[in-house]
Peer 1: 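Sharing a structure with you now.
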Amino acid sequence: MSKVIVVTSGKGGVGKTTSSAAFASGLAAKGHKTAVIDFDVGLRNLDLIMGVERRVVYDFVNVINGEATLKQALIKDKRVDNLYILPASQTRDKDALTTEGVESVINELKEDGFDYIVCDSPAGIEKGAFMALYFADEAIVVTNPEVSSVRDSDRILGILQSRSKVAEEGGTVKEHLLITRYSPDRVEGGDMLGMDDIVEILSIPLIGVIPESGSVLQASNSGVPVVMDKESKAGQAYMDVVSRFLGEDVPMRFIQAEQKKGFFKKLFG
Amino acid sequence: MGLLSFFRKEKKKNTANLAKERLQIVIAHEHADNSKKSPDYLPKLRDEIVEVIRKYVHVSENDVNVNVEKGDDFDVLELNITLPENH
């Protein structure tokens with residue numbers, strides 16, 4: 001059975017594309033056939049984060065319009081087996097994505113034996129974001145420990161549970177909270193919302209906490225999903241997210257402030 | 001040392017707690033507003049009902065009232081039509 005997962009947030013710049021790329025790569029690395037679709041029509045960026053920008057020939061909208069087949073448009077990742085990327089179009093036509101078109105692409109991916117279809121949502125609550133979440137069975141809501149991001153996540157959760165296909169049919173989309181850009185030191189210092197506070201406010205289960213880390217920018221600079229950086233804390237935290245998603249019981253890591261070295265420890269430690 | 005940390009604490013406010021309180025209030029308000037909001041199909045439903053009634057009786061648009069009342073376990077669709085007197 002294939003599963004459709006939307007990576008969404010409402011607010012822009014919180015790490016949806018980074019998370020989609022990392023999550024999809026992690027699923028594929030664990031042996032699951034995975035497709036990741038960029039729904040940000042007009043502002044495509046997933047290709048760049050995945051490092052396949054020079055291999056884009058056809059895109060999502062070409063497939064919907066029948067100008068290319070899905071096979072022609074899907075880009076096979078060269079580093080990870082089982083991983084395919086469907087880039088967004090750069091057209092400025094807002095109505096390029098239709099419900100029927102998106103549905104037919106998702107159905108074709110399901111028939112082709114994809115285990116997971118990851119939908120990278122654009123920011124906002126406009127058509128693109130709506131299309132990305134409409135066919136979702138599960139949702140990963142990416143949130144930064146910051147007031148506007150938390151509020152927007154709450155809004156998008158409301159939309160998920162009222163306007164998605166599953167919701168229209170009387171069901172519930174399974175929700176996962178993913179906190180990114182987390183600084184345990186600042187949480188301890190009292191100037192950043194803690195993970196427990198965010199979970200309490202949004203009241204959905206937490207699937208992971210990704211620490212603020214320079215390796216995320218380094219990964220996007222080089223077009224390599226951050227999970228492939230085995231040394232990086234963020235990469236390891238994303239891999240834990242994948243494991244939890246697949247049902248493994250993995251404790252949260254990198255959520256404690258680093259021990260401040262005392263004067264004597266600095267000298268002798 | 002004690003004096004130093006006393007001054008530091010005075011200066012540093014816990015803004016994370018403030019953020020949490022503000023978020024809880026604003027989100028509670030937004031949830032309340034959403035649940036009070038009537039469904040988006042109401043205006044269209046009302047127009048269509050007016051059209052059907054006008055096949056038989058002439059009513060003005062203001063004579064037809066459509067409302068949804070939220071109950072605990074169920075919602076009630078309330079329909080109020082005022083017929084003209086000299087019908």
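The figures here come from the full heavy-atom set of this structure, side chains too, leaving out hydrogens, waters and symmetry mates. Letters go in sequence order (proteins before strands), and every chain restarts at 1.
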Peer 1: Please check if the number of heavy atoms outside B:Arg22 that lie under 6.0 Å from its CZ is greater than 12.
Peer 2: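 Open.
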Peer 1: Check B:Ala19 against A:Val147 and note the closest heavy-atom contact, atom names and distance.
Peer 2: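 Here B:Ala19 and A:Val147 meet closest at CB-CG1, 3.6 Å.
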Peer 1: Within a 6.0 Å radius of atom CD on A:Glu168, are there more than 12 heavy atoms belonging to other residues, nucleotides or ligands?
Peer 2: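 Counting neighbours around CD of A:Glu168, more than 12 heavy atoms of other residues, nucleotides or ligands fall under 6.0 Å, so yes.
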Peer 1: If you compare all heavy atoms of A:Asp154 against all heavy atoms of B:His31, which two are closest, and at what distance to 0.1 Å?
Peer 2: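 Minimum heavy-atom contact is OD2-NE2, 2.8 Å.
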Peer 1: A quick test of your reading: do over 12 heavy atoms of other residues, nucleotides or ligands sit less than 6.0 Å from CZ of A:Arg253?
Peer 2: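 Enclosed: over 12 neighbouring heavy atoms sit under 6.0 Å from CZ of A:Arg253.
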Peer 1: Should we say atom NZ of A:Lys174 is surrounded by more than 12 heavy atoms from elsewhere, each under 6.0 Å from it?
Peer 2: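 Result for NZ/A:Lys174: open.
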Peer 1: Report, as yes or no, whether the 6.0 Å neighbourhood of atom CD on B:Gln24 holds more than 12 heavy atoms from other residues, nucleotides or ligands.
Peer 2: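 More than 12 heavy atoms, drawn from other residues, nucleotides or ligands, come within 6.0 Å of this atom.
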Peer 1: Any chance you could measure B:Lys20, atom NZ, to A:Ile201, atom CD1, to the nearest 0.5 Å?
Peer 2: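 Rounded to the nearest 0.5 Å, the NZ-CD1 separation comes out at 6.5 Å.
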Peer 1: Given side chains that start at C-beta, do those of B:Leu23 and A:Asp197 come closer than 4.5 Å, heavy atoms only?
Peer 2: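 The answer is no, as the side chains (C-beta and beyond) never meet within the 4.5 Å cut-off.
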Peer 1: Any chance you could measure B:Asn17, atom CG, to A:Asp191, atom CG, to the nearest 0.5 Å?
Peer 2: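 B:Asn17 atom CG to A:Asp191 atom CG measures 11.5 Å (nearest 0.5 Å).
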